[in-house]
Structure formats: C-alpha cells, structure tokens
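Small disclaimer: the values here were computed from a predicted structure and weren't measured.
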Amino acid sequence: MTTTPRPPSDEGSALRLLAGLVFTIVALAAAAIGFSRLFAVLEAGGYGTPAMRTSFVVLGIAGACLATGIATLIWDISKRFERR
C-alpha cells in the first residue's frame, strides 16, 4: 500500500515566526549601531570619510533585515489567520 504525499500545510510555522522576530531584532540593533556611528562621525566633522560610508552600509543592512523580518512576520500571521 502506497501513500500519497501530503501537500504542504497552510498553517503558520514556528520557525518562520522565529526567523521574522530574529530579523526584526537584528535590524533594530543594527540601526542603533549605525545611527550612533553616524552621529559620532558627523560630530567629529568626518563628512565623506570611510567611517561614514561604513555607517551607511550598517544602516542599509538594518533596513534590509527590517524589511525581511516584517515581511516574514506578515506572511506567517496571514497564514495563521486566513479564512478557509
């Protein structure tokens, strides 16, 4: 007797929820670090320096992580509460 494979579940996933939370927390931490580095560089008068570019890269990573985290959380929550 062979069994047919079951289709993937349309319910929420704890792993997906955890990944969304981790991405969001990492984004908030990276944003805090990036902004503090940017303020320090600007107060020292370092406009256009490599340190300023580094802080912009950190802020860009924070933005990417925040977008990924929020999208993952919305995806998981929509799967959990969609009407059947």
Side-chain angles (χ1 to χ4, degrees):
M1 175 181 207
T2 61
T3 59
T4 59
R6 292 175 44 180
S9 174
D10 284 339
E11 297 175 357
S13 167
L15 184 61
R16 189 169 41 222
L17 187 64
L18 179 65
L21 288 174
V22 167
F23 272 120
T24 305
I25 291 169
V26 166
L28 294 176
I33 292 168
F35 278 121
S36 67
R37 288 181 54 94
L38 182 63
F39 292 150
V41 169
L42 291 176
E43 283 183 353
Y47 298 99
T49 62
M52 192 166 175
R53 283 190 292 275
T54 303
S55 64
F56 284 142
V57 168
V58 172
L59 288 172
I61 290 170
C65 286
L66 184 63
T68 304
I70 295 298
T72 306
L73 288 172
I74 290 170
W75 177 28
D76 185 62
I77 291 170
S78 69
K79 285 294 187 182
R80 288 180 189 271
F81 295 109
E82 70 182 1
R83 298 186 191 268
R84 299 195 190 277

Just list the side-chain donor-acceptor pairs under 3.5 Å for residues 17-29, sequence neighbours left out, or say none.
from, atom 1, to, atom 2, distance (Å)
Thr24, OG1, Gly20, O, 2.8

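Between Arg37 and Ala51, the shortest heavy-atom contact is NH2-O, 4.1 Å. Scanning both residues, Ser36 and Ile33, for their nearest heavy atoms gives OG-O, 2.9 Å. The two atoms that bring Ala31 and Ala62 nearest to each other are N-CB, 3.5 Å, heavy atoms only.
Sequence neighbours left out, the pairs with a member in residues 57-76 that pass side-chain hydrogen bond (donor to acceptor under 3.5 Å, both in side chains) are Arg16-Asp76, Asp76-Arg80.
At distances below 3.5 Å, at least one donor-acceptor pair connects side-chain atoms of Arg53 with backbone N or O atoms of Gly48.
The distance from atom CG of Leu42 to atom CZ of Phe39, rounded to the nearest 0.5 Å, is 8.0 Å. Distance CD/Glu43 to CG/Leu38: 10.0 Å, rounded to 0.5 Å.
Tyr47 and Leu59 fall within a single hydrophobic cluster, where Ile, Leu, Val, Met, Phe, Trp and Tyr side chains are chained together by heavy-atom contacts under 4.5 Å. Linking Ile, Leu, Val, Met, Phe, Trp and Tyr residues whenever their side-chain heavy atoms come within less than 4.5 Å leaves Met52 and Val57 in two separate clusters.
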